Amino acid sequence: MDRIRIRGGAPLNGLIPISGAKNAALPLMIASLLTDETLELGNVPRLADISSLLRIMSNFGVDHSIAGRRPGQTAETGQTIRLTARSIIDTCAPYELVSTMRASFWVIAPLLARFGEARVSMPGGCAIGTRPVDLLLMALAKFGATIEIDGGYVVATAPNGLHGAEIDFPKVTVGGTHVALMAATLARGTTVIRNAAREPEVTDLADCLIKMGAKIQGAGTSEIVVEGVARLGGTSHDVLPDRIETGTYAMAVAMAGGDVTLEHTRPELLQFALDVLGQTGTEVLTTPGGIRVRRNGNGIQSVDVTTDPFPGFPTDLQAQFMALMTRANGTSRIRETIFENRFMHVQELARLGAKIRLDGDSAYVEGVAGLKGAPVMATDLRASVSLVIAGLVADGETTINRVYHLDRGFEALEAKLARCGAEIERLRG
Ligand SMILES: CC(=O)N[C@H]1[C@@H](OP(=O)(O)OP(=O)(O)OC[C@H]2O[C@@H](n3ccc(=O)[nH]c3=O)[C@H](O)[C@@H]2O)O[C@H](CO)[C@@H](O)[C@@H]1O
Ligand SMILES: C=C(OP(=O)(O)O)C(=O)O
C-alpha cells in the first residue's frame with residue numbers, strides 16, 4: 001500500500017491549480033442515467049471515486065469515453081468524460097462496488113425515475129458516523145415508489161413511473177436533495193423540495209439538469225420547485241471547482257506559511273471558511289481567476305468554529321482546520337454538528353504532539369509550540385489530508401499510511417504541494 005512521506009518545515013510558495021469538485025462530478029455523472037443521449041462533462045478530476053463510479057455505470061451498460069486532451073489544455077485542466085446511458089442492461093448496483101463510496105447510492109433516483117426499478121446496495125463512504133439513508137428513501141416513497149430492503153439491498157419499484165411530491169426534509173441532506181432533484185425531473189407533475197441543501201454542488205447539478213431540459217427553480221435556496229418533463233436530453237457541462245480542495249490548500253498555506261495562489265477556483269464557494277482563515281491572521285485575497293493566500297511571519301490566532309450546512313463552515317474542512325489550530329496561539333473550540341463521529345483524526349494528530357480534548361460534539365484544541373513527525377494513519381479522506389497539513393510543519397519525518405483515502409478525493413496532492421516547495425513524496429508499494 002502506498003504511503004506519503006513529508007519532511008516538515010518548508011513554506012509554500014507558488015501556484016496550485018484547483019481541480020473540479022469530486023462531490024459535484026459524482027452526481028453529475030449519475031445524472032447521465034436520466035437520458036438516452038450523451039452527457040459530456042468537462043473539468044472532471046482524476047480520482048479513485050470517479051473511476052469507481054465509472055465501473056458502476058459500466059455495469060449498468062452506460063457507454064463512456066474519456067476524451068483526449070484538447071489543444072491548450074494542460075494536465076490540470078481536468079478530463080472530459082462522455083457518458084451515454086442508451087441501452088441499460090442492468091439496474092442493480094452491487095455491494096462490492098457501492099460499499100466504497102457514498103454517492104454511488106444516488107443512482108437509485110435516476111434508475112427509478114427512468115426505468116421504474118432499481119436494486120442498490122446500502123452505501124459505504126467515509127467512516128464518519130452512522131450515515132443512514134432513511135431521508136433518501138422517505139423522499140423516493142413520496143414520489144410513489146415502493147421500497148423494500150432485501151439482503152442489504154434497497155429494492156425500489158415504480159412500474160407506473162413517479163409522480164410529483166411535496167418533500168420536507170427534517171434536516172438538511174446533500175444526498176437527499178440530489179436524489180429528490182433527479183427523481184423530480186422525470187416525475188409527473190410538480191415537486192417542491194423544502195429545507196433543501198444549498199451546497200454549490202446541488203446548484204451545479206441543477207444547472208446541468210436545466211441544460212438537459214429539466215424545469216427547476218430555486219436551486220441554491222432552501223426551496224426547490226421542479227416541474228417534471230417527459231424526457232431529458234444530452235448536454236455539455238463543466239464541473240465547478242472543488243471548494244474543499246481549495247479550502248484544504250488555503251489551510252495548508254496558513255499552516256506552513258508562504259504565499260500561494262489557488263487557481264481556477266472561486267472565493268464565494270467557501271466564503272465562510274475563508275473569513276475564518278482571515279481571523280486566524282492569514283491574508284486571503286481575491287485574484288482574477290482564484291484566491292491568493294499568504295502568511296508571512298505572524299503567528300496563527302485560535303478561532304472557534306461550528307460546522308454547518310452551506311453557507312456555513314463545511315464539515316469536510318473541519319479536520320483540516322483542526323490541524324491548523326494545533327499550532328495556534330490559544331485554545332480553539334471546534335464543534336461538529338453534521339456527523340457524530342467525525343473526530344477520527346484527533347488521535348492521529350495527537351501522535352504528532354497535538355493537544356486536543358474531546359467533549360461530546362466539540363474538540364478543544366490547545367495550540368502547541370511545535371509538532372513532531374511520526375508514522376500516522378487515517379480512516380477517512382479529510383482526516384488523512386489533515387495529517388498532511390500537520391506534517392508540513394512537524395519537525396522531521398511524518399509518514400501517512402492508507403493513502404488510498406487521499407486518492408479518493410485529492411488529485412495529484414503530492415505534485416501540487418511539492419511544486420510549491422513542500423518536501424513530500426509518495427512511497428509506492
Ligand atoms: C459525496 C458527497 O457529496 N458527500 C458529501 C455529502 O454527504 P451526504 O450526502 O452523505 O451527507 P448528508 O448531507 O446527507 O448528511 C447530513 C446529515 O444528515 C444525516 N442523514 C442523511 C441522509 C439520511 O437519509 N438520513 C440522515 O440522517 C447524516 O447522517 C448527516 O448527519 O454531504 C456531506 C455534508 O456536507 C459531506 O460531508 C460529504 O462530503
Ligand atoms: C465524506 C466525504 O465523502 P463521502 O460522502 O463519499 O464519504 C467527503 O468528500 O469528505
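Atoms within each ligand, like the ligands themselves, are counted from 1 in listed order. Small disclaimer: the values here were computed from a predicted structure and weren't measured.
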What is the nearest protein non-hydrogen atom to [atom], stated with its residue, atom name and distance?
| atom | answer |
| --- | --- |
| atom 9 (O) of ligand 1 | Gly175 N, 2.8 Å |
| atom 8 (P) of ligand 1 | Arg131 NH2, 3.8 Å |
| atom 14 (O) of ligand 1 | Thr173 OG1, 2.7 Å |
| atom 30 (C) of ligand 1 | Ile338 O, 3.4 Å |
| atom 18 (O) of ligand 1 | Lys171 CD, 3.3 Å |
| atom 38 (C) of ligand 1 | Asp316 OD2, 3.5 Å |
| atom 25 (N) of ligand 1 | Asp134 OD1, 2.7 Å |
| atom 4 (N) of ligand 1 | Asn23 ND2, 3.7 Å |

Q: Specify the closest pair of heavy atoms between Ala183 and Leu162, including all atoms of both residues, with the distance to one decimal.
A: CB-CD1, 3.9 Å
Q) What's the shortest heavy-atom distance between Ala323 and Ala390, and which atoms? A) CB-N, 4.3 Å
Backbone or side-chain N or O of [X] under 3.5 Å from ligand 1 N or O:
| X | value |
| --- | --- |
| Thr315 | no |
| Lys22 | no |
| Leu135 | yes |

Would you indicate which of [options] comes nearest to [atom] when only heavy atoms are counted?
| atom | options | result |
| --- | --- | --- |
| atom 32 (O) of ligand 1 | Val174, Thr177, Val202 | Val174 |
| atom 23 (C) of ligand 1 | Pro132, Gly312, Pro170, Ala139 | Pro132 |
| atom 33 (C) of ligand 1 | Phe339, Trp106, Phe310 | Phe339 |
| atom 1 (C) of ligand 2 | Gln318, Arg382, Arg342, Lys22 | Arg342 |

Q. Take atom CD in Gln217; do more than 12 heavy atoms of anything else shown fall under 6.0 Å from it?
A. no
Q.
Using a 4.0 Å cutoff against the non-hydrogen atoms of Arg131, which atoms of ligand 2 qualify?
A. 4 (P), 5 (O), 7 (O)
(Q) Using a 4.0 Å cutoff against the non-hydrogen atoms of Leu381, which atoms of ligand 2 qualify? (A) 8 (C), 9 (O)
Q: Could you tell me whether Asp359 and Arg333 make a salt bridge, using a distance below 4.0 angstrom between a side-chain N and a carboxylate O?
A: no
Q.
Quiz question: by atom type and distance under 3.5 Å, do the side chains of His178 and Glu201 form a donor-acceptor pair?
A. no
Q) Any idea which part of Asn23 is under 4.0 Å from ligand 2, heavy-atom wise: side chain, backbone, both or neither? A) side chain
**Q.** Partner of Thr84 by side-chain hydrogen bond (donor to acceptor under 3.5 Å, both in side chains), out of Asp63, Thr38, Thr35
**A.** Thr38
(Q) Out of all atoms in ligand 1, which are within 4.0 Å of some heavy atom of Arg342? Include the element for each. (A) 37 (O)
Q) For ligand 1, is there an atom lying under 4.0 Å from some heavy atom of Phe169? A) no
Q: Consider ligand 1: state whether an atom of it lies below 4.0 angstrom from any non-hydrogen atom of Ile244.
A: no
Q) Honestly, is Arg198 close enough over Phe310, meaning NZ or CZ under 6.0 Å from the six-membered ring centre and within 45° of the axis? A) no
Q) Hey, what's the ring geometry for Phe313 with Phe321, parallel, tilted or perpendicular (30° and 60° as the breaks)? A) perpendicular
